[in-house]
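The structure appears right after this line, and notes come after that.
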Amino acid sequence: MTASKENQTTRRRAPGMSPEQRREMIIQTAMPLITEYGHAVTTAKIARAAGIGEGTIFRVFADKDELLQACIAEALSPEHAMRELDAIDVSQPLPDRLAEAAEALQAHMDRLGAIIGSLGHGGGKYPGTVRGVGREESTTRTRAALTELLEPDKAALRRPPEQIAALFIGLLFTQPRTEDGPDLTSQELVEVFLHGALSEGAK
């Protein structure tokens, strides 16, 4: 009886959802499943997880490939990271600001890496979302947001904020992983970036 009422509620709510809202809901439902199953994920599985009929997916996506492409574009989109960067309190000390920024950007990269890694390709099948304009736009917006975080300390920087922002992105996106030691925390990464590799006693 309860299940029947829930199904009726779901059916009543469905018409009130716009195509764009339904598309977004399907994408958000699909992304963790893609991370888990990769290209083997089925639209039937996604539909079950979303609580909708499989046919509903094909009313907003032409086929599974289009849905996968939309999920990659969502993972690549910097919107969530930008909101987190914009929310950072610029009255904090610079190291704290950069540490928060590093955490937000690392989470964004981990999310993208999980999707791309699960699909087992470097974006070749989806050139417009992973290689090219999408990535360039993401990098440009990220650099602009970091530049704003650096502006309050402009007088203390050796180089213009724009250049410092680009250097920080380069370090963050390319920091090496080693098997014999833990990854740097955001605070440690920022400390090395701002003060160099030498310890205080060695300077």
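- Among I26, V41, L76, I27, the single residue meeting the side-chain contact (heavy atoms from CB on, under 4.5 Å) criterion with C71 is I27.
- The list of side-chain hydrogen bond (donor to acceptor under 3.5 Å, both in side chains) pairs with a residue in residues 45-57, not counting sequence neighbours, reads T43-E54, T56-R59.
- The nearest pair of heavy atoms linking A99 to S186 is O-CB, 3.6 Å.
- Of all non-hydrogen atoms in F61 and E66, the two that sit nearest each other are CA-OE2, 3.5 Å.
- The CD1 atom of I116 lies 14.0 Å from the CE atom of M109; values are rounded to the nearest 0.5 Å.
- T29 approaches A49 most closely through the heavy-atom pair CG2-CB, 3.6 Å.
- To the nearest 0.5 Å, the span separating CD on E100 from CG on L85 amounts to 9.5 Å.
- For the atom pair CD1 (I34) and CG (L67), the distance works out to 5.5 Å, reported to the nearest 0.5 Å.
- With values rounded to the nearest 0.5 angstrom, I52 atom CD1 is found 8.5 Å from M17 atom CE.
- Between the S118 side chain and the G38 main chain, no donor and acceptor come within less than 3.5 Å of each other.
- Inter-residue side-chain proximity for V60 and E20 is flagged as unmet; no heavy-atom pair is nearer than 4.5 Å.
- Nearest approach of A101 to I88, heavy atoms of both residues: N-CD1, 3.6 Å.
- Counting heavy atoms from C-beta on, the side chains of E74 and R111 come closer than 4.5 Å.
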- Apply side-chain contact (heavy atoms from CB on, under 4.5 Å) to the pair E36 and M31, showing each step before the final yes or no. CA-CA 9 Å; E36 183 175 358; M31 289 181 69; over 6 Å; no
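- Using a 3.5 Å distance cut-off with no hydrogens or angles, the side chains of Q187 and E191 do not pair a donor with an acceptor.
- Linking ILVMFWY residues whenever their side-chain heavy atoms come closer than 4.5 Å, directly or via other members, leaves V192 and V190 in distinct clusters.
- Taking CG of L167 as the reference point, atom CZ of R158 lies at 12.0 Å (rounded to 0.5 Å).
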N/O donor-acceptor pairs under 3.5 Å from side chains in residues 146-154, not counting sequence neighbours:
from: T147; atom 1: OG1; to: R143; atom 2: O; distance (Å): 2.7
from: D153; atom 1: OD1; to: R97; atom 2: NH1; distance (Å): 3.1
from: D153; atom 1: OD1; to: R97; atom 2: NH2; distance (Å): 2.5

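- A donor-acceptor contact under 3.5 angstrom links the side chains of D110 and Q106, judged on distance only.
- For the pair Q92 (side chain) and D89 (backbone), a donor-acceptor distance under 3.5 Å is present.
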- Query: For I164 and F193, what are the C-alpha separation, side-chain angles and deciding distance, and is it a side-chain contact (heavy atoms from CB on, under 4.5 Å)?
  - Reply: CA-CA 10 Å; I164 297 296; F193 178 74; 3.9 Å; yes
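- Contact annotation: the side chain of T142 approaches that of M82 to within less than 4.5 Å [non-hydrogen atoms, C-beta and beyond].
- Looking at every heavy atom in both residues, P78 comes nearest to H108 through CA-CE1, 4.1 Å.
- Residues Q163 and P160 have side chains in contact (heavy-atom distance under 4.5 Å, counting atoms from C-beta outward).
- In plain terms, the two heavy atoms of L119 and H39 that are nearest each other are CD2-N, 3.7 Å.
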